[in-house]
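Data first, discussion second: the structure below is written as structure tokens.
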Amino acid sequence: MGDLAGTGAGSAGGVNRSLSAPAARRDWWLATVVALGVVLYLGSLPYNLGVADESFFLNDSKRLLHGQLMYRDVFYYATPGAHWLMAAVFWLFGTSMRVARLSMAVLHGAIAATVYVTCRRVHARPVFGLAAAIAGVALCQSAWPYASLHWLSAQLMVAILFVAVGRWTTGRVPAWSLGLLTGALVAVQQQKGIAMAVAAVALFALHAAVAWRTGAPAPVRTALRRTLWLAAGVAAVAVPLLAVLIAQVGVAPLVEQLVVFPFTGYREYNHATWGQVLPLAAQFAPYTLPTLLAALPAVAAIGVLRALWLWASHPESPQLTALLALLTLCGGATLSILYLPDFIHIALIAPVFLVFWAETLDAAVRWVPMSPARQRAFAWAVGGALLAGLSVQLARNATRMWRNFPITRETAFGRVDFATPGEAALVDQLRELLAQAGTREFFAYPMYTSLYLTTDSDNPTPFHMMLPGWNTPAQYAAVVQVLETHRLPYVFACAVQPDTPDPILHFLAEHYERVSAGTHPCGLYRRRDLTVPAPGS
């Protein structure tokens, strides 16, 4: 791993400037320091448990840890690799908010380190590599500051890019490595793995075109061989995964949840234009720069022009090889989020684009007509300004986070920081009521999944979220049946569409009474025909 710049972005003529061994060692040490700094920074932030997506991921992982099965006991629409990994983390270190967030801090440290060494592998200067790595925290993590399977996908995408910009002296080992990493991505989020596999095949085709342009022997055969090795690597991960899932739950649930649902319920409910700030996601916008995130892919237009110029003038340049990898894999990352390209999903793939921007900035500096010493000074001035701005952003984000989540409580899921006293009081109240009722079963509608974690309660249904259009009438009927047969003493509910018939709210109106005070549309309900102590008794 000493050579971080096998196909580095050289001069316009494509000189391959390999790093010296001391420089490579320095880069690995810097990457380690960056990773540790990211872990310390993120570990110092509030533990503000997300009531929806973050809790979906963590509670589903907890359910798997306790022996339940994905796609049978838990309804989900992505492959289970990240859930299995988080369940293993919980098994090793305990099921708590602290463990969940620190594991994500370590993951973001790994993303930052991989971004840095990938920038160095394409021969971006260290200062631009550092800026790209820190931007991943200041602009990307801050847009979705949760424990999420998306961040494991981001790490795998950057790792794929790291391999792809390396030295391609054979058609076997790099393609096999790409295949294994892409297979791992398929195991975490199938749509992203498929998109990156398509991008890798496109890269092999472009490699073949360059080889034909330079007169290298058998370019088509080499591309086919690389594609076969890629497929073998993907299959080495995906086939055993599929075999295990079929053995556990059969074929029908996998088809329903991994294939049909993404094109029906998910697609029916989720819509966004490129870079849009959706109403439910507006709370995250102040922590990042949504307009800047939306503009990140513009670097591809610059890259295409540079690649065409190198194709015409210096087709043998290793810089062209690096550009093709950046273009195809950033294209694959873009393809992987077109199902919902709001600013948050752009942030989730942005680390690969940050590498591209670091390489492009470095190339732009090298084109400036000045001496090497002045180029270095200019690069450090630009990079230093970027680092200063990102440092200010990090400080502002930390201050804003602590201001927005000032209430700390010890819950069944460890320390959690809340935005309002009411949220914390609900957790305390529900824990007491469930203890008095002698049960752990509880249901939140349409979603308040964090309550399952903070009160150590069990959701007796497979669904962490119920919404019209998202869920089918048959699934609504199944939940009503569970509520009837399990006779849950307490349910938390909100009116989703007040003017639309709702089977769950209709059932609650017949069998439950509201126990929470106030006129808020959401409240806690107690079953009427069960002997359950009243609140505070």
Side-chain angles (χ1 to χ4, degrees), residues 3-19 118-125 128 132 160-171 174-175 178 196 198-227 230 295-335 352-372 375 378-379 382:
D3 177 15
L4 293 181
T7 58
S11 65
V15 177
N16 188 3
R17 305 178 321 281
S18 295
L19 292 176
T118 307
C119 289
R120 295 295 290 136
R121 201 166 216 193
V122 295
H123 253 294
R125 285 178 171 85
F128 292 139
I160 289 169
L161 183 61
F162 175 81
V163 172
V165 297
R167 180 173 290 146
W168 287 81
T169 55
T170 72
L178 280 181
M196 294 302 277
V198 170
V201 173
L203 176 60
F204 300 157
L206 290 173
H207 278 178
V210 172
W212 170 81
R213 177 82 167 80
T214 57
V220 175
R221 186 186 307 166
T222 300
L224 290 175
R225 185 169 65 248
R226 288 172 173 170
T227 301
L230 174 80
L296 285 180
V299 71
I302 303 171
V304 167
L305 294 176
R306 292 172 58 207
L308 289 173
W309 183 81
L310 287 170
W311 167 271
S313 60
H314 302 284
E316 75 291 343
S317 169
Q319 187 180 20
L320 176 58
T321 307
L323 279 172
L324 295 178
L326 289 164
L327 285 167
T328 53
L329 295 180
C330 286
T334 302
L335 178 64
V352 294
F353 283 100
L354 293 173
V355 174
F356 205 166
W357 273 108
E359 188 274 343
T360 301
L361 281 174
D362 192 86
V365 169
R366 296 186 191 282
W367 275 96
V368 176
M370 59 178 63
S371 68
Q375 277 189 349
F378 180 60
V382 173

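Residues: numbered from 1 along the sequence shown.
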Verify the neighbour count for atom CZ of Arg213: are there more than 12 heavy atoms of other residues, nucleotides or ligands below 6.0 Å? yes
Smallest heavy-atom separation, Ser313 atom then Pro315 atom, equals C-CD, 3.6 Å
Of all heavy-atom pairs linking Thr118 and Val355, the shortest is CG2-CG1, 3.8 Å
pair Thr334-Phe353: side-chain heavy atoms closer than 4.5 Å: yes
Do His123 and Gln319 come within less than 4.5 Å of each other through their side chains, counting heavy atoms only? no
Is the closest side-chain heavy-atom distance between Phe356 and Leu161 below 4.5 Å? no
Which value, rounded to the nearest 0.5 Å, describes the distance between Leu203 atom CG and Thr227 atom OG1? 9.5 Å
Step-by-step side-chain contact (heavy atoms from CB on, under 4.5 Å) determination, Leu320 to His314: CA-CA 8 Å; Leu320 176 58; His314 302 284; over 6 Å; no
Closest non-hydrogen atoms of Leu329 and Ala199, given as atom of the first, atom of the second and distance, are CD2-CB, 3.9 Å
With a 4.5 Å limit on heavy-atom distance, are the side chains of Leu224 and Val220 in contact? yes
Would you say Arg221's side chain and Arg225's backbone share a donor-acceptor pair under 3.5 angstrom? no
Residues at least two apart in sequence or cross-chain that pass side chain to side chain contact (heavy atoms under 4.5 Å, CB included) with Ala132, listed by chain then number, are Val115, Cys119, Leu354, Ala358
Considering non-hydrogen atoms only, spot the tightest contact between His207 and Thr321 and give its length. NE2-CG2, 3.6 Å
Could you go step by step and tell me if Phe204 and Leu178 meet the side-chain contact (heavy atoms from CB on, under 4.5 Å) rule? CA-CA 11 Å; Phe204 300 157; Leu178 280 181; 4.2 Å; yes
Just how far is it from atom CH2 of Trp311 to atom OG of Ser317, taken to the nearest 0.5 Å? 13.0 Å
Decide yes or no on salt bridge (charged side-chain N to carboxylate O under 4.0 Å, His left out) for Arg306 and Glu359, but give the supporting numbers first. CA-CA 12 Å; Arg306 292 172 58 207; Glu359 188 274 343; 2.8 Å; yes
Rounding to 0.5 Å, atoms CD1 (Ile160) and CE (Met196) come to a distance of 4.5 Å
Looking at every non-hydrogen atom in both residues, tell me the closest pair between Ala325 and Val165 and how far apart they are. CB-CG1, 3.8 Å
What closest approach, in Å, do Gln375 and Val368 show between heavy atoms, and which atom pair accounts for it? NE2-O, 3.0 Å
With the side chain counted from C-beta on, respond yes when Val304 and Leu327 share a heavy-atom pair under 4.5 Å apart, and no when they do not. yes
